[in-house]
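The shown structure was predicted, so the numbers you read here are calculated from the model rather than taken from an experiment. Positions are given from 1, in the same order as the sequence printed here.
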Amino acid sequence: NVTGLEKADAKRILDDLKLELQITFLEEASETVPVGTVVRTDPKEKEELVKGQRVTLWLSTGPEIKTSSMPNVIGEKKENAERTLNSQGLKLDIEVDEDHHSSIKEGYVIRTEPAAGADISTGDTVTLWISLGPELQNMPNVVGMDIATASKLLVDAGFKTPSIER
């Protein structure tokens, strides 16, 4: 039985049988068997071998690489976005970062890397930027200022142009 052995070890064991076997190596994806290791054989283990027989060994190429298109999850709640990404069946590494956004509520996706529509493959890292909501600012003290000075101070602080009611 050479299943589970690396290619060189499996070949050496079969050659040591002195049966002049015709050994063929093929490749096959495996989620559990390390790369370069025999996944299966034909004939199967415990079957008797005869001189000159053809023997095929399948070597693991590691997990199958699947590819899909990055779904658009912008505007979705973080949990829904993660569920959508996990449903792709790609075993993605999902990272989360946070940033303020002026119009997307806290807890919702504001952008992704890679962007929607990009190709993603098994094991890729996908980063979700989750909104912290709008960035809060301290209100400047404008009490006692004339309207022009107070308006300029508010605009310079990042506030919208104030509407003035008299």
Looking at side-chain heavy atoms only, is the closest gap between [X] and [Y] below 4.5 Å?
{"X": "L14", "Y": "V55", "result": "yes"}
{"X": "P140", "Y": "L154", "result": "yes"}
{"X": "E28", "Y": "T61", "result": "no"}
{"X": "L49", "Y": "L17", "result": "yes"}
{"X": "L90", "Y": "I120", "result": "yes"}
{"X": "V2", "Y": "T41", "result": "yes"}
{"X": "T112", "Y": "V73", "result": "yes"}
{"X": "T84", "Y": "E76", "result": "yes"}

Judged by atom type as modelled, is there a donor-acceptor pair below 3.5 Å linking the side chain of [X] to the main-chain atoms of [Y]?
{"X": "T149", "Y": "M145", "answer": "no"}
{"X": "T122", "Y": "K66", "answer": "yes"}
{"X": "N86", "Y": "E82", "answer": "yes"}
{"X": "T37", "Y": "V33", "answer": "no"}
{"X": "Q22", "Y": "G52", "answer": "yes"}
{"X": "D97", "Y": "D99", "answer": "no"}
{"X": "H101", "Y": "G133", "answer": "no"}

Working for side chain to side chain contact (heavy atoms under 4.5 Å, CB included), residues T56 and L26: CA-CA 7 Å; T56 304; L26 300 176; 3.6 Å; yes
Stepwise side chain to side chain contact (heavy atoms under 4.5 Å, CB included) test for I130 and V109: CA-CA 5 Å; I130 306 301; V109 178; 3.8 Å; yes
Salt-bridge test for [X] and [Y]: reply yes if a basic N is under 4.0 Å from a carboxylate O, no otherwise.
{"X": "R83", "Y": "E79", "value": "no"}
{"X": "D15", "Y": "R12", "value": "no"}
{"X": "K91", "Y": "E31", "value": "yes"}

Pair M70-L85, side chain to side chain contact (heavy atoms under 4.5 Å, CB included): steps then yes or no: CA-CA 8 Å; M70 175 67 183; L85 290 170; 3.8 Å; yes
Which atom of Q137 lies closest to which atom of F159, heavy atoms considered: OE1-CE1, 3.6 Å
Least distance between heavy atoms, V38 atom then A10 atom: CG2-CB, 3.8 Å
K78 to Y108 six-membered ring, cation-pi geometry met (6.0 Å, 45°):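 Because its charged atom misses either the 6.0 Å distance or the 45° angle limit, K78 does not stack over Y108.
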Atom CD of E27 with >12 non-hydrogen neighbours under 6.0 angstrom: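 Check fails, neighbour count at 12 or below.
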More than 12 heavy atoms of other groups within 6.0 Å of Q88 CD: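 Yes, CD of Q88 has more than 12 neighbouring heavy atoms, counting only those of other groups under 6.0 Å.
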Derivation of the side chain to side chain contact (heavy atoms under 4.5 Å, CB included) call for L128 and E113: CA-CA 7 Å; L128 301 176; E113 178 61 39; over 6 Å; no
Polar contact flag, side-chain donor to acceptor under 3.5 angstrom, [X]-[Y]:
{"X": "D93", "Y": "T125", "value": "yes"}
{"X": "T67", "Y": "S121", "value": "yes"}
{"X": "S131", "Y": "E106", "value": "no"}

